[in-house]
Amino acid sequence: MENREIAAVFEEISNLMKILQDDPKWTFKSAAYDRAKRSIEGISERLEDIARDPNRKLTDIPCIGEDLAGKIKELVETGKSKYHQEQLSKVPRSLLDLLQLQTVGPQKVRLFYQELGIKTVDELEAAAKAGRLQTLPKMDVKSEENILKAIETFRRAAGRFRLDVADAVATELSEYLRRHKAVEEVTPAGSLRRGRETIGDLDLLVIGRDAASIAEHMTRYAGITQVLAKGEDKVSVKLENQMQVDVRMLERKSYGAALMYFTGSKEHNVALRDRAKRRGWKLSEYGLFHGERVIAAKTEEEVYKKLGLDLIPPEIRENLGEIEAAEERRLPKLVELEEIRGDLQMHTSASDGHTSVEEMAAAAKA
DNA sequence: GCCGTTTTCGGCCCGACTGTTTTCAGTCG
Ligand SMILES: Nc1nc2c(ncn2[C@H]2C[C@H](O)[C@@H](COP(=O)(O)OP(=O)(O)OP(=O)(O)O)O2)c(=O)[nH]1
Ligand SMILES: [Mg+2]
Ligand SMILES: [Mg+2]
């Protein structure tokens, strides 16, 4: 069984828990399955190999404890997890699709299912078109329209974008934003700044004087098909190529804390905020605070320093040990673009090449 | 369900936007 299949099972368990809500600690357990899923996705080695190796421990993997190690073993050995199957048997599996829709979370999935017996996206669409959703508590015409839009988006299933594609869009949008006179600085953040291979959406941090007029400027960009949300501090839009763009406006005095927040990852942010909290402080996108007093906010380096950490490069901000390394001043020195002299790839007779490693080496020497 | 320079039990990040909330719930970043 492949890692991504195991991750998919954990994701389903997490989502089923949110829908079922029959475990008193479902919020935390669901989050634990989520973290385990993300942790597994970041591992290059096959879990199956670790599970079968008597000298290795699955519990050495972050966010995997005794229980989840057992479930991984069970999945590797039998291809199934009893607990997963049990949870699946309680509700129709298609409810998991509903949870993928924007503006539809666990509470609404439960509401639609319990009140109207809605099990599938098609059934939800029919109910929305018939105006049956707006009669429900916490619902109205607008949220019903939003759901119909979300269903359209879901059917087009944009998926994730390659880093270079997202980078090109970010460059163009940044140029557009900078044309507005209230904009002082635009910094691409999120998974793009972390240099991930694929990008789910574009996150742009904008420093400027007049957030409201910047938001207005953003929503007038020509390539926009839908404005998902627009408030005083942030705007979310959908572009023609189905890419979502989240634009967050903040003041320059918060630049460092803001960039840390918007660069993430989520897991890294949660770990840092927890660390601040333990020290009696509070960390948010506005800064690091002791009560009302600002301890640090202007630069990333200052905020990390006050937290007792060396500046962590965006590429490794995943809460997979980098915080401990930064604390002990043993962060790795990452390879820089200028240091890359070229790209070399060779196939030898060990796989599908024609000559042996020895012959290749001899030819290279000659 | 995981995890530990305050804990092996008892916590688990913090804030913006939307809708109708009249004091907040749900969803999302
Ligand atoms: N503190 C905190 N920050 C969050 C949370 N969710 C997202 N963020 C921050 C960190 C993320 O890197 C950043 C952008 O959110 P995204 O959902 O776009 O995630 P990201 O860009 O990391 O990945 P993506 O490729 O878009 O799926 O916002 C959260 O629940 N808490
Ligand atoms: Mg993103
Ligand atoms: Mg985003």
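The chains referred to below are lettered A, B, ... by the order of the sequence lines, with proteins before strands, and numbering in each begins at 1. Because only heavy atoms are used, hydrogens play no part in the values below, and waters and symmetry mates are left out as well, while side chains stay in.
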What's [X] touching, base or sugar-phosphate or nothing? Going by heavy atoms closer than 4.0 Å.
X        : result
A:Leu101 : sugar-phosphate
A:Leu272 : nothing
A:Tyr33  : sugar-phosphate
A:Lys29  : base
A:Lys71  : sugar-phosphate
A:Asn269 : nothing
A:Ser143 : nothing
A:Lys230 : sugar-phosphate
A:Arg248 : sugar-phosphate

Integer-rounded Å distance: [N] [atom2] and [X] [atom1]:
X        : N      : atom1 : atom2 : result
A:Arg275 : B:dC12 : CZ    : P     : 17 Å
A:Glu66  : B:dG4  : CD    : P     : 14 Å
A:Leu99  : B:dG26 : CG    : P     : 14 Å
A:Ile13  : B:dG1  : CD1   : C1'   : 11 Å
A:Asp34  : B:dC13 : CG    : P     : 13 Å
A:Leu192 : B:dG29 : CG    : P     : 16 Å
A:Gln107 : B:dC24 : CD    : P     : 17 Å
A:Leu68  : B:dC3  : CG    : C1'   : 13 Å

Is the distance from OP1 or OP2 of [N] to the nearest side-chain N or O of [X] less than 4.0 Å?
X        : N      : value
A:Gln244 : B:dC28 : no
A:Lys282 : B:dG15 : yes
A:Tyr286 : B:dA16 : yes
A:Asn146 : B:dT27 : no
A:Lys277 : B:dC12 : yes

Could you tell me how far [M] sits from [N] if I compare only their [atom1] atoms? Round to whole Å.
N      : M      : atom1 : result
B:dT27 : B:dT21 : C1'   : 15 Å
B:dG11 : B:dT6  : C1'   : 13 Å
B:dG26 : B:dT20 : P     : 14 Å
B:dT23 : B:dT18 : C1'   : 16 Å
B:dT8  : B:dG1  : C1'   : 14 Å
B:dC12 : B:dT7  : C1'   : 13 Å
B:dC17 : B:dG10 : P     : 38 Å
B:dC13 : B:dG4  : P     : 15 Å

Counting side-chain heavy atoms from C-beta on, which of [options] comes nearest to [X]?
X        : options                : result
A:Glu285 : B:dG15, B:dG19, B:dG26 : B:dG15
A:Asp233 : B:dG15, B:dC13, B:dC17 : B:dC17
A:Pro106 : B:dT27, B:dG19, B:dG29 : B:dT27

Next on the checklist: With the six-membered base ring of B:dC2 as reference, does the ring of A:Phe28 sit under 5.5 Å away with planes under 30° apart?
Outcome noted: no
Checklist entry - Taking it one step at a time, do A:Phe10 and A:His84 satisfy ring pair (Phe, Tyr, Trp, His ring centres under 6.0 Å)? => result CA-CA 8 Å; A:Phe10 285 178; A:His84 178 223; 9.1 Å; no
Item to check | Pair partner, B:dG15 [Watson-Crick or wobble, under 3.5 Å] | outcome: B:dC28
Just wondering, more than 12 heavy atoms not from [X] lying within 6.0 Å of its [atom1]?
X        : atom1 : value
A:Glu197 : CD    : no
A:Glu301 : CD    : no
A:Glu251 : CD    : no

Checklist entry - B:dT7 base to A:Arg278 side chain: any donor-acceptor pair below 3.5 Å? => result yes
Checklist entry - Has the side chain of A:Lys25 got a donor or acceptor atom sitting under 3.5 Å from an opposite partner on the base of B:dG1? => result yes
Next on the checklist: Strictly distance-based, threshold 3.5 Å: is any side-chain N or O of A:Arg193 a donor or acceptor partner for the main-chain N or O of A:Thr263?
Outcome noted: no
Checklist entry - Does the side chain of A:Arg194 come within less than 4.5 Å of A:Ser265's, by heavy atoms? => result yes
Next on the checklist: Check A:Glu41 with A:Lys37, please: is the shortest side-chain N to carboxylate O separation under 4.0 Å?
Outcome noted: yes
Checklist entry - Any salt bridge between A:Lys71 and A:Asp67, counting N to O under 4.0 Å? => result yes
Checklist entry - If each of A:Pro62 and A:Gly231 is mapped to the nucleotide of DNA chain B with the nearest heavy atom, which maps nearer the 5' terminus, i.e. the 5' end? => result A:Pro62
Next on the checklist: Which is more 5' along DNA chain B, the nucleotide nearest A:Glu327 or the one nearest A:Tyr83? Just name the residue.
Outcome noted: A:Tyr83
